[in-house]
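Before any comments, here is the structure.
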Amino acid sequence: MKISAFYLLLLIVSVRLYAQDSLVIWQARLDRNTSVPTIISGDKYFCSSLDGVITCLDNNGKIVKEYEITGQISSPPIIENEMIIAATNEGDLFILNVNTGNIIQEIGIGENITSNIVLTDVEYYGKTGKAILLGTADGNLYCYDLYTLEQIWSTQTTADSITSSILPSGNNIFFIDTKETLYCVNRANGLLIWKWKIPFKNSEPLFKTDLVINQNNLYLVSSEGNLICIDAMQGTEKWSIKKINASGLMRSDRNNLIVPTTKNKLLFVSTKAGKVEKEIELAPETKEHRVTELLVMEDNVLVGFENGSVYELSKNKKPVEIFRAANLPARLVSDDSERDAKAGSRIISLNMINGNFLITSENGLVSLITSGN
């Protein structure tokens with residue numbers, strides 16, 4: 001597909017940024033808002049927009065190809081065996097050839113897709129193969145064969161939307177609905193193994209939590225900001241830490257959960273002890289801004305905010321701003337003009353690439369910067 005200058009403005013710059021010796025290696029300015037985290041496959045970076053366009057960048061920030069599907073993309077696509085697997089909010093599932101951009105297969109689910117899409121291994125016709133999992137607004141969880149899009153199984157354990165991440169682990173699959181009920185179903189056939197209702201006084205239907213699993217412990221955040229550990233085998237609560245204002249975003253390292261709060265703090269929670277081991281106050285400048293992304297490394301953490309700033313937290317040092325996305329005007333590209341008008345420089349994803357940082361913001365700015373080390 002020929003790339004029109006009307007649809008893409010590509011900026012290659014090399015300028016000094018904030019605070020540390022970080023340098024911009026390159027920047028690509030997509031002429032549309034970026035809706036989901038950038039996907040990395042080899043030396044290619046895939047950025048998706050709400051209007052159904054997936055843009056592929058090479059490792060120099062230059063456009064390789066654009067792929068177009070009909071519908072809005074709110075789930076990161078999957079790159080597998082020279083294929084792009086993408087789903088739309090409206091309920092369509094597409095598989096495209098990554099080299100040609102041609103659609104290999106597509107199916108309509110008949111329901112709005114409200115979860116992320118994930119790949120998993122399933123036993124099917126006596127063989128183990130790859131399958132796509134997705135959840136819908138009607139509470140259905142579907143499992144499709146990757147190569148044929150034949151439905152392997154479906155299950156409806158809830159009448160409410162599945163809006164959490166779908167998490168396959170071992171023989172099980174975990175997810176949460178909008179009524180804050182956690183479900184565990186069998187990976188092979190979708191049959192319900194157990195369910196557990198998150199205790200709350202006032203539910204927030206739009207609240208979303210990451211799901212993190214470590215061995216047999218499953219971690220989640222309630223809409224009231226409590227961190228909860230569930231026995232993944234039994235579906236029972238092991239411990240909880242209440243009133244910490246957890247935002248729902250979580251990452252993990254070897255021994256800790258890294259949990260941002262709505263009170264401008266970053267908590268390091270011991271998964272073994274079930275308590276907060278360390279609490280870091282974030283920069284005063286970010287007090288009014290929500291944490292939207294985390295990148296956890298061995299000795300430091302990158303924290304991305306809704307205002308487009310990225311801070312680095314190192315051991316025994318104050319948070320240092322290393323990057324700020326340009327506050328470029330939003331592109332009105334979807335049917336939701338109000339949402340697009342509010343789209344700003346929110347950090348969508350942070351990735352480490354060969355010792356450098358790839359930063360994607362909602363306004364379509366993709367930047368590769370040096371780590372400053």
Side-chain angles (χ1 to χ4, degrees), residues 35-37 39 48-54 67-78 80 83-96 103-120 122 124 129-168 172-193 195 197-198 203-211 220 223 248 333-336 339:
S35 56
V36 298
I39 300 301
S48 303
S49 65
L50 195 64
D51 61 337
V53 177
I54 302 170
Y67 312 86
E68 294 187 25
I69 60 177
T70 303
Q72 298 185 341
I73 300 175
S74 292
S75 171
I78 300 168
E80 177 77 11
M83 296 182 295
I84 301 174
I85 303 100
T88 66
N89 298 356
E90 293 79 3
D92 295 309
L93 186 61
F94 294 85
I95 297 182
L96 302 92
I103 295 175
I104 301 172
Q105 294 187 85
E106 64 177 293
I107 58 168
I109 307 300
E111 306 165 40
N112 290 340
I113 297 173
T114 50
S115 77
N116 63 328
I117 56 172
V118 295
L119 280 186
T120 188
V122 294
Y124 187 48
K130 294 287 185 182
I132 305 165
L133 297 173
L134 59 89
T136 73
D138 294 342
N140 288 307
L141 182 68
Y142 289 100
C143 179
Y144 291 96
D145 180 272
L146 170 62
Y147 296 99
T148 66
L149 291 187
E150 180 179 355
Q151 183 177 303
I152 300 173
W153 54 257
S154 68
T155 185
Q156 186 178 34
T157 57
T158 174
D160 299 297
S161 295
I162 299 171
T163 53
S164 75
S165 55
I166 295 174
L167 179 62
N172 301 329
I173 300 167
F174 304 93
F175 59 90
I176 299 175
D177 66 13
T178 53
K179 294 291 181 63
E180 296 195 66
T181 300
L182 172 66
Y183 297 89
C184 174
V185 301
N186 187 285
R187 186 199 296 250
N189 51 33
L191 293 179
L192 179 66
I193 298 174
K195 64 180 181 179
K197 181 71 173 176
I198 300 174
S203 177
E204 295 289 342
L206 298 180
F207 179 81
K208 291 185 179 182
T209 175
D210 287 335
L211 295 176
L220 56 94
S223 62
V333 294
S334 78
D335 294 332
D336 190 348
R339 181 254 180 214

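Every value quoted in this text rests on a predicted model; they were computed, and no experiment measured them. Along the sequence shown, the residues carry numbers beginning at 1.
In terms of modelled atom types and a separation under 3.5 Å, the side chain of Trp153 and the main chain of Leu141 share no donor-acceptor contact. A donor-acceptor pair is defined here as one N or O able to donate and one able to accept, closer than 3.5 Å; such a pair exists between the side chain of Lys197 and the backbone of Lys179. Glu90 contributes a side-chain N or O that, together with a main-chain N or O of Gln72, makes up a donor-acceptor pair within less than 3.5 Å. A distance-only check finds a donor-acceptor pair linking the side chain of Thr114 to the backbone of Ile162 [under 3.5 Å]. Between the side chain of Ser35 and the backbone N or O of Ile73 there is at least one donor-acceptor pair closer than 3.5 Å. Between the side chain of Asp138 and the backbone N or O of Asn140 there is no donor-acceptor pair closer than 3.5 Å.
Considering OH of Tyr183 and OG of Ser164, their distance stands at 10.5 Å, rounded to 0.5 Å. Here Tyr142 contributes atom OH and Ser154 contributes atom OG; the two are 5.5 Å apart, rounded to the nearest 0.5 Å. For the atom pair CG (Asn89) and OG1 (Thr136), the distance works out to 12.5 Å, reported to the nearest 0.5 Å. If you take SG on Cys143 and CG on Leu134, they are separated by 9.0 Å, rounding to the nearest 0.5 Å. Ile39 contributes atom CD1, which lies 7.0 Å from atom OG of Ser48 (distance to the nearest 0.5 angstrom). To the nearest 0.5 Å, atom CD1 of residue Ile103 and atom CD1 of residue Ile95 are 11.0 Å apart.
Between Val36 and Pro77 there is a side-chain heavy-atom pair separated by less than 4.5 Å. For the pair Ile176/Leu211, a side-chain contact is recorded, criterion being any heavy-atom separation below 4.5 Å from C-beta on. Proximity of Phe175 to Thr157: side-chain heavy atoms (C-beta onward) are separated by under 4.5 Å at one or more points. Contact check for Ser75 versus Ile113: no side-chain heavy atoms found under the 4.5 Å cut-off. No side-chain heavy atom of Thr88 sits less than 4.5 Å from a side-chain heavy atom of Thr70. The closest side-chain heavy-atom distance from Ile132 to Leu149 is below 4.5 Å. In this structure, Leu146 and Met83 have side chains that are in contact, with non-hydrogen atoms separated by less than 4.5 Å. At least one side-chain heavy atom of Ile173 sits under 4.5 Å from a side-chain heavy atom of Ile166.
Residues Cys184 and Leu192 come closest through the heavy atom pair O-CD1, 3.6 Å. Closest approach of Asp145 and Thr148 over heavy atoms only: OD1-N, 2.8 Å. Of all heavy-atom pairs between Gln151 and Tyr124, the closest is O-OH, 4.1 Å. Taking every heavy atom of both residues into account, Ile152 and Ala131 meet most closely at CD1-CB, 3.9 Å.
With Phe94 as reference, Ile69 is the one residue of Ile85, Ile54, Ile69 to meet the side-chain contact (heavy atoms from CB on, under 4.5 Å) rule.
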### Task
Determine, step by step, whether Ile117 and Tyr144 satisfy the side chain to side chain contact (heavy atoms under 4.5 Å, CB included) criterion, reporting the C-alpha distance in whole Å, the side-chain angles of both residues, the deciding distance to 0.1 Å, and the verdict.
CA-CA 11 Å; Ile117 56 172; Tyr144 291 96; over 6 Å; no

